[in-house]
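We use all heavy atoms of the structure for the numbers below, so side chains are in, but hydrogens, waters and symmetry mates are not. Per chain, numbering begins at 1; letters A, B, ... match sequence-line order.
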Number of protein chains: 2
Amino acid sequence: MSSHCVDTPAVNDTPVHQHTPRFGKVVVFGVGLIGGSFALALKAAGEVGEVVGFGRRLGSLTQALELGILDRAGFNVGQEVSNADLVLIATPVGKTAEIMARIAPCLGAQTVVTDAGSTKGDVVAAARAHFGDRLGQFVPAHPIAGAENSGALAARADLYRQKQVVLTPLPENTLANIARVRAAWECCGALIKELAPAEHDRIFAAVSHLPHLLSFALVHELARREDQALFFSFAASGFRDFTRIAASHPVMWRDICLANQAALIDELDRYREQLDELRAVLQRGDGARLEATFEAARAARRAWAESRAPE
Amino acid sequence: MSSHCVDTPAVNDTPVHQHTPRFGKVVVFGVGLIGGSFALALKAAGEVGEVVGFGRRLGSLTQALELGILDRAGFNVGQEVSNADLVLIATPVGKTAEIMARIAPCLGAQTVVTDAGSTKGDVVAAARAHFGDRLGQFVPAHPIAGAENSGALAARADLYRQKQVVLTPLPENTLANIARVRAAWECCGALIKELAPAEHDRIFAAVSHLPHLLSFALVHELARREDQALFFSFAASGFRDFTRIAASHPVMWRDICLANQAALIDELDRYREQLDELRAVLQRGDGARLEATFEAARAARRAWAESRAPE
């Protein structure tokens with residue numbers, strides 16, 4: 001499917017060519033980096049009439065209002081979602097089920113709901129538990145756009161530009177509802193992919209969740225030594241890059257690991273087997289095998305880097 | 001010890017204040033990134049009279065001459081090292097022993113030799129085997145200044161500026177010879193540390209060699225799957241940083257792993273135990289323990305990053 005937002009005329013004040021936004025009212029739960037950037041991107045594209053936000057902390061809501069992310073802070077969930085075109089759940093993943101339970105009874109017939117969680121199996125299970133016969137209105141999604149910083153202050157209209165967003169549609173979704181969610185992310189400049197929820201979780205266990213676990217593990221193993229300061233004092237640029245993700249948010253990554261427990265254990269076991277193999281190669285001093293392993297890794301890493309869009 | 005090169009007056013053409021370079025003649029074996037940058041840095045500091053280079057490939061030597069890294073390409077090893085002030089062995093580590101064997105019989109009484117290998121136990125063993133009663137003239141060193149690129153073309157005068165260089169002096173070294181090598185690296189702008197060779201290898205096994213092995217292992221494990229393309233297509237910025245070092249040079253890293261085999265296996269085993277622990281934590285769904293582990297890692301990673309000089 002091609003982008004819906006290419007060549008959309010810019011919003012201007014001339015009533016003759018007034019552009020009608022694709023989404024009249026968007027409700028965002030969680031106005032941090034992810035939800036905030038989504039709102040800013042839709043606004044920059046001129047594709048949203050009004051953004052209403054809910055958040056746990058008054059300070060975040062106030063900040064989001066001041067930054068122009070929100071038009072209004074919401075008070076009555078039921079009332080706001082009953083006539084919303086689109087609802088984005090962008091809270092920490094541990095809160096997703098609770099929000100689903102609150103909004104499900106009040107959804108308007110035309111309202112489409114999506115989320116931004118890093119795991120999808122658990123989100124789909126929560127949706128099945130809470131949305132009942134409105135399950136078809138929920139289209140799960142995962143924008144692949146992390147950042148060092150979090151919070152509304154870090155939100156930017158271009159966070160999703162040229163970044164992937166993975167939709168994991170449900171059998172109950174109508175094509176029309178899937179297309180609505182796809183269009184919203186395309187308006188943010190994202191590249192849309194589709195996967196089944198289990199396939200999504202299996203892939204991200206391997207290319208994202210496991211590397212995070214391994215990076216945390218390396219730093220943790222060093223940090224608990226008595227002479228840790230000596231080790232850290234000689235760490236250089238290779239260590240810096242390998243461990244950058246060990247500075248990620250502990251609660252977010254705890255939740256991701258628990259939510260994707262089975263797939264992550266599966267990947268961890270494959271990796272442990274790989275390490276067992278390499279240990280044996282090292283033990284017997286098999287230079288040819290070591291070199292072949294490193295060469296294959298380097299070739300794959302280079303091919304991957306070349307296939308990526310420039311950053 | 002404070003730097004010997006701070007406030008050294010710049011070289012100029014006025015004979016009245018002619019600066020006498022600290023090193024008259026320097027011989028470099030291997031004119032790639034490491035040896036080339038060393039030569040350029042000494043020249044930029046005005047601390048070398050003449051740089052003579054040896055290399056296996058004529059093309060590299062010609063290039064190094066054209067780039068002003070070398071004043072001359074050497075032909076007769078014995079003759080060149082007999083009256084050199086300083087010799088740097090900066091070849092791939094697998095060639096070190098062979099060069100030691102060639103230069104040992106011809107060393108002048110005043111000549112000091114150093115190297116740039118990433119491992120030190122093997123280099124010291126080779127030195128003990130080849131230098132005989134001239135062992136005291138060899139002061140082992142390891143400049144911690146990797147780079148993506150290699151070769152003379154990548155050499156730069158500022159490669160070592162504010163980077164660490166670890167000396168691992170031998171009991172046979174005189175303080176004067178250690179001071180000569182220290183002064184040479186300080187003239188390149190480096191920060192000098194000293195470690196015993198075994199301590200060096202233990203530390204770098206943990207903070208450099210193991211992370212490289214782990215990064216190679218992750219990419220290799222993915223690359224050998226039938227559906228590898230699917231996995232790589234969803235890898236993003238966390239994967240990019242974690243695997244940057246998996247694009248490192250396979251032969252160089254094969255040699256490092258073999259040279260530091262015992263310490264690396266020791267570190268790998270500690271890491272495998274850490275992964276076994278984390279697997280158990282994950283299996284029993286122990287969120288509190290996961291979060292505490294990630295939090296401790298993040299705190300240590302942040303403290304390390306803050307302690308580093310800005311790049």
Side-chain angles (χ1 to χ4, degrees), chain A residues 144 146 164 203-204 206-208 211-223 230-232 234-239 241-247 250-251 253-254 257-258 261 264-265 268 270-272 274-275 278-279 282-283 285 287 290-291 293-298 300-302 304, chain B residues 144 146 164 203-204 206-208 211-223 230-232 234-239 241-247 250-251 253-254 257-258 261 264-265 268 270-272 274-275 278-279 282-283 285 287 290-291 293-298 300-302 304:
Chain A
I144 319 299
Q164 294 190 94
I203 291 170
F204 283 89
V207 301
S208 171
H212 277 80
L213 191 73
L214 298 178
S215 183
F216 279 127
L218 184 89
V219 179
H220 183 255
E221 205 287 308
L222 284 174
L230 181 65
F231 287 89
F232 282 113
F234 288 101
S237 62
F239 179 88
D241 294 343
F242 186 90
T243 62
R244 187 183 63 80
I245 51 180
V251 171
W253 282 94
R254 175 200 68 192
C257 291
L258 294 177
Q261 186 195 38
L264 181 53
I265 287 180
L268 179 56
R270 293 179 79 129
Y271 188 73
R272 286 159 78 236
Q274 168 79 71
L275 291 188
L278 276 175
R279 189 192 189 284
L282 206 53
Q283 181 76 64
L290 269 184
E291 186 183 338
T293 302
F294 296 168
E295 183 58 55
R298 176 163 83 160
R301 175 58 170 70
R302 287 190 166 181
W304 173 76
Chain B
I144 319 299
Q164 293 191 95
I203 292 171
F204 284 88
V207 302
S208 171
H212 278 80
L213 190 73
L214 298 178
S215 184
F216 278 127
L218 185 89
V219 179
H220 183 256
E221 204 287 309
L222 283 174
L230 181 65
F231 286 88
F232 281 113
F234 288 102
S237 61
F239 180 88
D241 294 342
F242 186 90
T243 63
R244 187 182 65 79
I245 52 181
V251 172
W253 282 93
R254 175 200 67 190
C257 290
L258 294 178
Q261 186 194 39
L264 181 53
I265 287 181
L268 180 56
R270 292 179 78 128
Y271 188 73
R272 286 158 78 238
Q274 169 79 72
L275 291 188
L278 276 175
R279 189 193 190 284
L282 205 53
Q283 181 76 63
L290 269 184
E291 186 185 338
T293 303
F294 297 169
E295 182 60 54
R298 175 162 82 159
R301 174 58 169 69
R302 287 190 165 182
W304 173 77

Colleague: Can you see which heavy atom on A:Leu258 is nearest to which on B:Gly287, and at what distance?
Modeller: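 Taking A:Leu258 first and B:Gly287 second, the nearest heavy atoms are CD1-CA, 3.8 Å.
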Colleague: Taking side chain as everything from C-beta outward and backbone as N, CA, C, O, which of these in B:Ile144 sits under 4.5 Å from a heavy atom of chain A? Side chain, backbone, both or neither.
Modeller: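 The side chain, not the backbone.
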Colleague: Which answer fits A:Leu268, side chain, backbone, both or neither, if we ask what part of it has an atom under 4.5 Å from a heavy atom of chain B?
Modeller: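 For A:Leu268, the contact with chain B is made by the side chain alone.
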Colleague: Could you tell me the separation between the CG atom of B:Leu282 and the OG1 atom of B:Thr293, rounded to the nearest 0.5 Å?
Modeller: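 Spacing of CG (B:Leu282) from OG1 (B:Thr293) equals 10.5 Å.
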Colleague: Check whether B:Trp304 gets within reach of chain A through its side chain, its backbone, both or neither, counting any heavy atom under 4.5 Å.
Modeller: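 Contact with chain A is through the side chain of B:Trp304 alone.
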Colleague: Can you tell me which portion of B:Ile245 sits under 4.5 Å from chain A's heavy atoms? Options are side chain, backbone, both or neither.
Modeller: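 Just its side chain gets close to chain A.
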Colleague: At a heavy-atom distance under 4.5 Å, which candidate from A:Gln283, A:Glu291, A:Gln164, A:Arg270 has the highest pair count against chain B?
Modeller: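 Top count of heavy-atom pairs under 4.5 Å with chain B: A:Arg270.
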Colleague: Please find the pair of heavy atoms, one from A:Phe232 and one from A:Ala223, that lie closest to each other, and give the distance.
Modeller: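 Heavy atoms only, the tightest pair is CE1-CA, 4.0 Å.
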Colleague: Looking only at heavy atoms, which two atoms of B:His220 and A:Ala297 are closest? And how far apart?
Modeller: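 Shortest heavy-atom separation between B:His220 and A:Ala297 comes out as N-CB, 4.1 Å.
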Colleague: Report which part of A:Ser208 has an atom under 4.5 Å of a heavy atom belonging to chain B: side chain, backbone, both, or neither.
Modeller: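 Answer is neither: A:Ser208 stays 4.5 Å or more from chain B.
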Colleague: By a 4.5 Å heavy-atom criterion (distance strictly below it), what part of B:Leu222 contacts chain A: side chain, backbone, both, or neither?
Modeller: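 Contact with chain A: side chain only.
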Colleague: Under a 3.5 Å distance rule, please check whether A:Thr243 uses its side chain to pair with a backbone N or O of A:Phe239 as donor and acceptor.
Modeller: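 Yes.
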Colleague: Find the one option among B:Leu218, B:Leu290, B:Leu278 whose heavy-atom pairs under 4.5 Å with chain A are most numerous.
Modeller: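 Of the candidates given, the most pairs with chain A belong to B:Leu218.
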Colleague: Hey, could you give me the CZ/OG distance between B:Arg244 and A:Ser237, rounded to the nearest 0.5 Å?
Modeller: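 Nearest 0.5 Å value for the CZ-OG distance: 5.5 Å.
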Colleague: Looking at chain A, which one of B:Ile203, B:Leu213, B:Val219 has the largest number of heavy-atom pairs inside 4.5 Å, strictly under?
Modeller: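 Most pairs with chain A among the choices: B:Ile203.
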Colleague: Any chance you could measure A:Asp241, atom CG, to B:Asp241, atom CG, to the nearest 0.5 Å?
Modeller: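 So the CG of A:Asp241 and the CG of B:Asp241 are separated by 5.5 Å.
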Colleague: Can you check whether B:Leu214's main-chain N or O pairs, donor with acceptor, with B:Tyr271's side chain at less than 3.5 Å?
Modeller: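 No, because the side chain of B:Tyr271 does not come within donor-acceptor range (under 3.5 Å) of the backbone of B:Leu214.
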Colleague: Would you mind telling me which of A:Arg279, A:Glu295, A:Gln261, A:His212 has the largest number of heavy-atom pairs within less than 4.5 Å of chain B?
Modeller: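 Answer, by heavy-atom pair count under 4.5 Å with chain B: A:Arg279.
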Colleague: Which answer fits A:Glu221, side chain, backbone, both or neither, if we ask what part of it has an atom under 4.5 Å from a heavy atom of chain B?
Modeller: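 Both backbone and side chain.
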Colleague: For each of B:Ala246, B:Ala300, B:Ala296, tally heavy-atom pairs with chain A at distances under 4.5 Å, and name the one with the top tally.
Modeller: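 When all of B:Ala246, B:Ala300, B:Ala296 are compared, B:Ala246 has the most.
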